[in-house]
2 protein chains.
Amino acid sequence: MLGSVPLSAPDSAAAMKAKSVLKTRFRILSGEVIALGPGKVELLRLIVETGSLRQAAVRMDMSYMRAWKLVLIMNASFREPLVAALRGGRTGGGAQLTPAGRKVLALYARMEKEATRAVKRSWTQLQRQLK
Amino acid sequence: MLGSVPLSAPDSAAAMKAKSVLKTRFRILSGEVIALGPGKVELLRLIVETGSLRQAAVRMDMSYMRAWKLVLIMNASFREPLVAALRGGRTGGGAQLTPAGRKVLALYARMEKEATRAVKRSWTQLQRQLK
DNA sequence: GGTCGTTATATTCTGTCAAATATAACGCGT
DNA sequence: ACGCGTTATATTTGACAGAATATAACGACC
């Protein structure tokens with residue numbers, strides 16, 4: 001038995017420093033409603049990727065209805081809609097970002113990068129306090 | 001009727017540009033659990049301010065139990081506890097931040113400032129897209 | 001030793017948000 | 001005309017996070 005690790009589950013917490021992750025997130029409020037946040041942004045990304053609101057919803061493991069409501073809120077919150085949808089046709093239709101949508105998505109991504117960079121030093125210090 | 005505003009509720013959305021607000025928030029994951037986030041940080045702040053977990057909970061309009069559970073998670077996630085509680089005594093006891101707690105709180109606040117600053121330009125651009 | 005306000009903890013209840021479900025409409029191909 | 005896959009929308013169902021409730025323990029002071 002020499003060399004065996006005594007009495008600890010495979011994934012035991014003993015001396016296991018859990019990997020720590022920083023998520024930098026923005027929430028944009030327009031009045032009371034959340035015009036944009038991490039979830040809505042991810043949805044926008046997946047709409048670009050899939051060209052379909054339904055498929056984007058599936059990818060996010062959420063109901064189509066929820067995804068659709070998020071789009072409603074976004075479109076109502078900005079000066080111009082971010083998502084344009086078509087229905088009918090051979091493929092049944094689909095959804096894509098408007099120019100405004102692409103712009104907003106790009107700006108949000110830029111903000112994420114800027115913030116992550118600005119915070120890096122403090123984060124490594126904070127990380128030292130974690131288990 | 002000249003000059004009267006025709007048929008609009010006092011708070012009507014007609015031409016009302018809702019005030020837009022950016023919330024920069026961090027979520028710190030230690031493995032699966034959220035070691036720190038906006039809610040827990042606010043709780044820390046109110047513990048400093050009130051010296052009592054119960055009073056802090058009331059201020060945040062949450063149950064004592066919830067506040068207490070948040071503290072449990074925080075204390076378990078960091079190398080040293082962030083909150084120290086006493087019970088008994090004339091005043092019934094109380095809670096305060098440990099040195100580690102104060103340090104973590106300060107670092108989080110610093111990160112908020114750094115991120116807000118770094119993002120300012122992009123945010124004003126994004127804001128222009130909002131209603 | 002009794003009171004007071006707090007921390008500490010388990011158990012039950014409930015309000016809310018999202019999932020499920022159902023239905024309609026759309027329009028290009030065949 | 002019909003089928004297909006999508007968008008669009010209302011209504012019902014359900015899960016679960018957090019609230020409520022209850023109870024105990026603590027310890028300084030009178």
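In what follows, chains carry the letters A, B, and so on, assigned in the order in which the sequence lines appear, proteins first and then strands, with residues in each chain numbered from 1.
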What about A:L105 and A:M60, same hydrophobic cluster or not, with Ile/Leu/Val/Met/Phe/Trp/Tyr joined at side-chain heavy-atom distances under 4.5 Å? yes
Quick note, B:A85 side chain, CB onward, closest among C:dA8, C:dC28, D:dA8 is C:dA8
Under 3.5 Å, side-chain donor or acceptor atoms of residues 61-73 of chain B against the rest of the protein: list the pairs with distances, not counting sequence neighbours.
{"unit_1": "B:S63", "atom_1": "OG", "unit_2": "B:R66", "atom_2": "N", "d": "3.2"}

Consider the side chain of B:Y64, meaning its heavy atoms from C-beta on, and name the nucleotide among D:dT9, C:dT9, C:dG29 that approaches it most closely. C:dT9
Verify the cluster assignment for B:V119 and A:V119: are they in a single hydrophobic cluster under the rule of side-chain heavy atoms below 4.5 Å apart? no
Whole angstroms only, please: what is the CG-P distance between A:L70 and D:dT9? 15 Å
Proximal nucleotide (of D:dC29, D:dA8, C:dC28) relative to the A:R90 side chain: C:dC28
Between D:dT6, C:dT6, D:dT9, which nucleotide has the shortest distance from any of its atoms to the side chain of A:W68? D:dT9
Going by atom type alone, with no hydrogens or angles, which donor-acceptor pairs under 3.5 Å involve a side-chain atom of residues 19-48 of chain A and a protein atom two or more places apart or on another chain?
{"unit_1": "A:S20", "atom_1": "OG", "unit_2": "A:Q127", "atom_2": "NE2", "d": "3.1"}
{"unit_1": "A:K40", "atom_1": "NZ", "unit_2": "A:I34", "atom_2": "O", "d": "2.8"}
{"unit_1": "A:R45", "atom_1": "NH2", "unit_2": "A:E112", "atom_2": "OE1", "d": "3.1"}

When the nearest nucleotide of DNA chain D is assigned to B:R87 and to A:G89 on a heavy-atom basis, which residue is associated with the more 5' position? A:G89
Answer yes if the side chains of A:E114 and B:S122 hold a donor-acceptor pair under 3.5 Å, and no otherwise. yes
Side-chain heavy-atom pair A:V83, A:L97 within 4.5 angstrom cut-off: yes
When you compare the protein's N or O atoms with those of nucleotides 19-21 of chain D, which come within less than 3.5 Å of each other, and at what distance?
{"unit_1": "D:dA19", "atom_1": "OP2", "unit_2": "B:S63", "atom_2": "OG", "d": "2.9"}

Which whole-number value in Å describes the distance from B:L86 CG to C:dG5 P? 18 Å
Within the pair A:Q55 and D:dT6, is there a side-chain N or O less than 4.0 Å away from OP1 or OP2? yes
Quickly work out the B:L53 CG to C:dT9 C1' distance and round it to whole Å. 13 Å
